[in-house]
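Naming: A, B, ... by sequence-line order, numbering from 1 per chain. Because the structure is predicted, anything quoted here is derived from the model rather than measured. Quick note: numbers below take in every heavy atom, side chains included, and nothing from hydrogens, waters or symmetry partners.
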Protein chains: 2
Amino acid sequence: MSKTKQTTKTDILKRTIPLFAQYGYDKVSMRQIAEAVGIKAASLYHHFPDKQALYIEALSLAFSNHADFMDESFVLQASPERRLRQLILGLCTLVNEDPDFSRLMQREIMDGDEKRLQFLADHVFGDFFRDMSELCLSMAPDKDPHLMSISVLGLVIYHFQISPIRFFLPGFQDSHNDSQVVAEHIFSLLKNTH
Amino acid sequence: MSKTKQTTKTDILKRTIPLFAQYGYDKVSMRQIAEAVGIKAASLYHHFPDKQALYIEALSLAFSNHADFMDESFVLQASPERRLRQLILGLCTLVNEDPDFSRLMQREIMDGDEKRLQFLADHVFGDFFRDMSELCLSMAPDKDPHLMSISVLGLVIYHFQISPIRFFLPGFQDSHNDSQVVAEHIFSLLKNTH
DNA sequence: AAAAATCTATCTAACGTTCGTTAGGGTGAC
DNA sequence: GTCACCCTAACGAACGTTAGATAGATTTTT
């Protein structure tokens, strides 16, 4: 009978991630989290010492879900150009299908302290960024791979970031919210780089 | 001798903008704003009806300061390629020299309601985005000008956004924080687009 | 095997703090 | 004398958090 009443830490975190992602740390109260989980605020303190710890654990879970994707995009043996294409499409799909992930990352980059930024760089960007730099180097040896990697990331992520306001900008079409269309556009920008 | 004691609305707003930009709406209290201005919190209500109004007016001021820059970049008659180069450099300089502006915009895009997004699109992006789309169309007629404009914006803005974490990423160099270096990199990515 | 003790997850109630905001009074300038 | 500007003091609400009790499951003891 305990199945329906007990709450695990992971249950709480999964319900918490969308709240922090959408509203940000300060706009989400412990009572609001508790309600989303189906318990009272005080009960949260049985699972987590304080709000900060709950947030950090939610972050870790949200990020760990996608830390592996990054690597996978690189294992396939193909031409650099095909790998870049695949990578951009994968990134576009990722940020579009998991907005929580993208928003949490954005909030962390904006407001995170040094320790949290270090964590982000090591465990989320980490290997991905290194592989990306290598790929850039093999495609455009004359360009700075660090700048190139950030440019690729920026192209993908900004198209997602700006989507709330995109509707109000001149020339908007529904297709601009399609991650495949955006991916193709970005790839067409980069493939001629030399 | 009222010069040293009186406070004008604009004085308050100018002191408020950096606070909202750095910490965000919720993390800035009326008492904190008042202290930065040199008065008490209650006195703020002589100038503004409530915190929300103060924030909106601060936003308007921060944005109006740069609404005109956008246009200026387009008046000069030159080849599209030179205009693009100039525009990218101008944008890079803008976002680097006025981080408050960039951060406020980022926060608004993330958390603003529909009305505020509409305002942002009309009065900040507005003409700039239209001119940018035209420029893109003349340089790359086969590409969607809406997507192209956002890509250019994204390249510039993301390089700024990610600067807090850049230090921790592989391949970082001091020069990557130089807006001119970044501008040149971005331009080199785009000039070959056809 | 039954009873007792412990542990786990939750609850209600409340505490102390901070927040946005208001009421009401003072003081100097025009 | 009126108005603009600032002050002190306080209010009510919301917040994070703690104390203490309760019910059910689990473990230990008899």
How many whole angstroms separate atom [atom1] of [X] from atom [atom2] of [N]?
{"X": "B:K9", "N": "D:dA4", "atom1": "NZ", "atom2": "C1'", "result": "14 Å"}
{"X": "A:L44", "N": "C:dT8", "atom1": "CG", "atom2": "C1'", "result": "15 Å"}
{"X": "B:I33", "N": "D:dC6", "atom1": "CD1", "atom2": "P", "result": "15 Å"}

Inset, instruction - For A:R85, check side-chain hydrogen bond (donor to acceptor under 3.5 Å, both in side chains) against everything at least two apart and list the hits. - result: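 By the side-chain hydrogen bond (donor to acceptor under 3.5 Å, both in side chains) rule, A:R85 matches A:E184.
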
Inset, instruction - With sequence neighbours left out, write down each residue that passes side-chain hydrogen bond (donor to acceptor under 3.5 Å, both in side chains) with B:R166, or none if nothing qualifies. - result: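 By the side-chain hydrogen bond (donor to acceptor under 3.5 Å, both in side chains) rule, B:R166 matches A:H146, B:H159.
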
Legend entry - Test item: B:K51 side-chain N/O and B:V28 main-chain N/O as donor-acceptor pair under 3.5 Å: yes

Legend entry - Counterpart residues, ring-ring contact (aromatic ring centres under 6.0 Å, His included), relative to B:Y158 (two or more places apart): none

Legend entry - Contact state string [nucleotides 12-22 of chain C, B base, S sugar-phosphate only, - no protein heavy atom under 4.0 Å]: B-B----BBBB

Legend entry - D:dC7 OP1/OP2 closer than 4.0 Å to side-chain N/O of B:H46: no

Legend entry - Under the side-chain contact (heavy atoms from CB on, under 4.5 Å) test, residues paired with B:F167 that sit two or more places apart: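 With neighbours one apart ignored, the set is B:F172.
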
Inset, instruction - Please name all residues satisfying side-chain contact (heavy atoms from CB on, under 4.5 Å) with A:Q180, sequence neighbours left out, ordered by chain then number. - result: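 With neighbours one apart ignored, the set is A:L89, A:D178.
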
